[in-house]
Each structure stands twice: as C-alpha cells, then as structure tokens.
Amino acid sequence: MSVQPPSTTITEMFEAVSATQTLLPSPPSFAGHQTFAMRSAWLKKGVDALLQDPAIFSAEGALVELGVGKNMVSAVRHWLLATRLAAPTERGGYMLPTELGHSLLTDDGTDPYLEDPATLWLLHWNLCGPGSQSYTWAFAFNVFREWEWTASTLVTAVQNAARATSSKTFSQETVERDVSVFLQTYVAPTDRSQNAEDGLDCPLRELGLLRAGFGGQQQYSFAIGPKPSLPVSIFAWALRKFWDWKYPGSSTIAARDIAHAEGSPGMVFKLDEDSTLAYLDQLETLTAGALRFEDTPLVRQVVQTTADSLNPAALLRLHYAAAPVA
C-alpha cells in the first residue's frame, strides 16, 4: 500500500502540540530506544516503510521490511518520533512522515542519506530543543551547567530533576541506560571491543558537540564555541522556533536570550557569545531584512520588521535550495 505525501495538517498538528510543551518533556520518559542509539540508515528506512504502510511498526513483517531485529524495530520507531521525522496519526497505531521527514528523506528529498551537515543540526535541535521528547537530551544541553562531568554525575542530575517535576519514580538503572545512549549518540566508544556496535553509525557524532576525556573515571565536556558546519539558515530556523516558543507574538528578542536562555540556539548548539553574535549579524542579509540585529550601546536585540511571522520552513528552503546535496 503506497501512501501519498502527507498534507501539512499532520505537521501543523504536531508542531502545535510541541509549542505548548515546556522545555523538558512531561512526564519524563527514559524508554523507547531499547538502548540503541540512532543509526544513519534507520531514519530513511523508517520513512520509506511508513510511506508504504503507516502501520508497519505493528505489522508482523516489520523485521523483514526494515531489516533489523525485533528490539531495533522499536528503536527505529522511537528515533523517527524523537527527531520529529514522523508523527502518529489519529488512527491508533498508525504513523506518517511529517512534512520535514518527507521533504528530507524520500528518494527525491533534499538529503535522503544525511550527507548535508545541516540536516544533522536539524535532527540535533529536534532532539534537544523546545518540544523535545527526549528528557536526558533536553536536560543535558539546556539545564545541566557542569563544565566537566562524568556519566554518573549526569545520571544523578537527570534523576533529581525528573523526581522534582514528576510523581513517577525512575530507577537509577533506567536513567543510567538513557544516559549511556545519550553518550553513544555524541561520543564514539573509546574501547571498540566493548559495545562497539551500540550507536556505531550514529550520525550526530559528526557534530563534535561532546568531548571525552581520559582515565578510568571517564570525563566529558561540551564543545562550546564556533560550529563551522552550522549554516546561518539553520541557526535562523532554530531561532525562529525558539522565538515562537519563548516569546510568541513578540517582534523583538534579546541577544542574551538567544545566546544563553534554556532552549535557545546558543545553548542547544553550544555556541559561545561571539559565535552567536556572528550569526545574528548575518540575519538581515539572509532574510532580506525580515529579521534585523540591532547592536547599540543601549540594546542588543533581533527585530522582526515584517507584520507576518517569518515561516521556519521558508528558512529551511533557503538552505536546501542554495546548497543541494550532491
């Protein structure tokens, strides 16, 4: 059964739900990935399968269709939802690619094989930015402010935060597994003899967002600073997402919020202040004046100069039209 490309209704409905969420998903969830980090091939396989059968993830033939093991079927489903490349329909058990998933990953999409770093930054934002479904990911990139830390430090911080906002109880083992998958997402294993296949092909490692230290007590730190592979159009897309979430209806947003507020591009992309300001300087040219950075002794802010809200999807088109994937 072939399914036609979805209308924007599904995407709009999904984004409307996301827009009402707090930064950290509530209630917290640490399940779904079956301890497997996201793998490059899974996302396209999942989108292609959903276009043929929206109920593929509950179908008996899912293992054959996706070419993965039973637990991995659940993991593929999880990562499609977590990256917002697919969303459930009103019909129970059914899913369809979102407009983003369809435009990126179909055979005639703009980046079906994740060859453009911009796509990886999009996926990272969807995992960690406002509306995230991944508690550990959103917490680590936005709330957790340790400079250098161990996995156990992050486990304790995540567990304490989850307990403070939810009546549910979460075992340490459950959170430890989630933090382990989080680390597999961004850091390559230092010992290839142990769990070398877990997240082996996770594309987000290319972003270089986490640094691993040395020694028995493995230390980690975020790589804060310039991100040469992050295009200004993707930064602007994320800014528009953050703006609509944090200050809906406002025509201005302070530069300090863009750089430092929880859920902001500066936090999610781990930019330093100078790098953030460099992106802001490019907004006016990128958007033909629709967004303008005002940098004066009295105020540093981005101003929306048009009456109509700048559509985030239009910002994505600016990038993928200008830089098609070979």
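Numbering starts at 1 and runs along the sequence shown.
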ask   = Are Ile258 and Leu277 connected in the hydrophobic side-chain network, where two residues link if heavy atoms are under 4.5 Å apart?
value = yes
note = Output for pair (Asn126 CG, Lys241 NZ), nearest 0.5 Å, gives 7.0 Å
From Ile234 atom CD1 to Leu318 atom CG, the distance as rounded to the nearest 0.5 Å = 9.5 Å
query = Taking only residues two or more places apart in sequence, or in another chain, which ones meet Arg317 in a salt bridge (Lys or Arg N to Asp or Glu O under 4.0 Å)?
reply = none
Least distance between heavy atoms, Ser134 atom then Ser132 atom = N-OG, 2.9 Å
message = Between Thr305 (side chain only) and Ala290 (backbone N and O only), is there a donor and an acceptor less than 3.5 Å apart?
response = yes
inquiry  = Go through it in stages, so that I can follow the logic: the residues are His319 and Asp116, the test is side-chain contact (heavy atoms from CB on, under 4.5 Å), and I'd like the CA-CA distance, side-chain angles, deciding distance and then a yes or no.
reply    = CA-CA 10 Å; His319 172 77; Asp116 188 339; 2.8 Å; yes
task = Apply side chain to side chain donor-acceptor pair (under 3.5 Å) to Thr119 and Tyr320, showing your working.
result = CA-CA 10 Å; Thr119 305; Tyr320 286 103; 2.7 Å; yes
ask   = Quick check: does any side chain N or O of Lys227 sit under 3.5 Å from a backbone N or O of Gly225, one acting as donor and the other as acceptor?
value = yes
ask   = Could Arg240 and Trp237 be counted as a cation-pi pair, given that NZ or CZ must be under 6.0 Å from the ring centre and within 45° of the axis?
value = no
query = So, for Cys202 and Thr185, which heavy atoms are closest and what is the spacing to 0.1 Å?
reply = SG-O, 3.2 Å
query = Cut-off 3.5 Å, side chains only: do Asp272 and Ser275 have a donor facing an acceptor?
reply = yes
ask   = Are Phe269 and Trp125 near enough that their ring centres are under 6.0 Å apart?
value = yes
query = Do Phe144 and Thr153 have side-chain heavy atoms sitting under 4.5 Å apart?
reply = yes
ask   = Between Ser166 (side chain) and Arg163 (backbone), is there a donor-acceptor pair under 3.5 Å?
value = no
query = With a 3.5 Å cut-off and no angle check, do the side chains of Ser180 and Gln184 form a donor-acceptor pair?
reply = yes
task = Could you tell me which non-hydrogen atom of Trp149 sits nearest to which non-hydrogen atom of Leu210, and how far apart they are?
result = CZ2-CD2, 3.8 Å
key: Non-hydrogen side-chain atoms of Arg292 and Leu283 separated by less than 4.5 Å   = no
key: Spacing of CH2 belonging to Trp79 relative to CG belonging to Leu127, to within rounding of 0.5 Å   = 6.0 Å
key: Distance-minimising heavy-atom pair for Asn142 and Gly263   = OD1-N, 2.7 Å
query = Would you say the side-chain atoms of Lys44 pair up with the backbone N or O of Leu105, donor to acceptor, closer than 3.5 Å?
reply = yes
request  = Decide yes or no for Leu50 and Phe57: does some side-chain heavy atom of the first lie under 4.5 Å from some side-chain heavy atom of the second?
outcome  = yes
task = Would you kindly say whether Gln133 and His78 are connected by a side-chain donor-acceptor distance under 3.5 Å?
result = no
inquiry  = Do Leu63 and Ile56 sit in one hydrophobic cluster, given that two such residues count as connected whenever their side-chain heavy atoms are within less than 4.5 Å of each other, even indirectly?
reply    = yes
task = Write down the atom of Ala261, the atom of Phe242, and the distance for their closest heavy-atom approach.
result = CB-CZ, 3.9 Å
query = Is any side-chain heavy atom of Arg145 less than 4.5 Å from a side-chain heavy atom of Glu262?
reply = yes
task = To the nearest 0.5 Å, tell me how far Arg84 CZ sits from Leu122 CG.
result = 11.0 Å
query = Which pair of non-hydrogen atoms, one from Leu120 and one from Leu204, has the smallest distance, and what is that distance?
reply = O-CD2, 3.5 Å
ask   = Side chain of Glu115, backbone of Asp111: donor and acceptor closer than 3.5 Å?
value = no
request  = Establish, yes or no, whether a centroid distance under 6.0 Å links the rings of Phe182 and Tyr220.
outcome  = no
ask   = Do Thr276 and Pro265 touch side chain to side chain, with heavy atoms closer than 4.5 Å?
value = no
message = Ring centres under 6.0 Å, that's the criterion: do His124 and Tyr186 meet it?
response = yes
query = To the nearest 0.5 Å, how far apart are CG in Leu23 and CE in Met267?
reply = 9.5 Å
task = Could you walk me through whether Leu286 and Ser233 pass the side-chain contact (heavy atoms from CB on, under 4.5 Å) test, one step at a time?
result = CA-CA 7 Å; Leu286 174 74; Ser233 50; 4.1 Å; yes
ask   = Hey, quick one: are Ile224 and Phe141 part of the same hydrophobic cluster, counting side-chain heavy atoms closer than 4.5 Å, chains of contacts allowed?
value = yes
inquiry  = Checking Ser40 against Tyr113: is there a side-chain donor and acceptor pair closer than 3.5 Å?
reply    = no
query = Would Leu123 and Leu43 satisfy side-chain contact (heavy atoms from CB on, under 4.5 Å), going step by step from the backbone distance to the final call?
reply = CA-CA 11 Å; Leu123 299 181; Leu43 301 179; 3.7 Å; yes
request  = Output, in order, the C-alpha distance, side-chain angles, deciding distance and verdict of side-chain contact (heavy atoms from CB on, under 4.5 Å) for Phe36 and Met72.
outcome  = CA-CA 7 Å; Phe36 294 105; Met72 288 185 179; 3.5 Å; yes
Val47, Leu80, Val68 screened by side-chain contact (heavy atoms from CB on, under 4.5 Å) with Trp42, the one that passes = Val68
request  = Answer yes if Trp147 and Phe222 sit in the same cluster of Ile, Leu, Val, Met, Phe, Trp and Tyr residues linked by side chain heavy atoms under 4.5 Å apart, and no otherwise.
outcome  = yes
request  = First locate atom CG of Leu298, then atom CZ of Arg300, and finally report the distance between them rounded to the nearest 0.5 Å.
outcome  = 12.5 Å
query = Going by heavy atoms in the side chains, are Asp53 and Glu65 under 4.5 Å from each other?
reply = no
key: Side chains of Trp137 and Asp178 in contact at under 4.5 Å (non-hydrogen atoms)   = yes
task = Check whether any side-chain heavy atom of Leu315 sits under 4.5 Å from a side-chain heavy atom of Thr287, and report yes or no.
result = yes
query = Applying the 4.5 Å side-chain criterion to the ILVMFWY set and letting contacts propagate, would Tyr247 and Leu291 be lumped into a single cluster?
reply = yes
request  = Verify, without hydrogens or angle tests, whether Tyr279 (side chain) and Phe235 (backbone) share a donor-acceptor contact under 3.5 angstrom.
outcome  = no
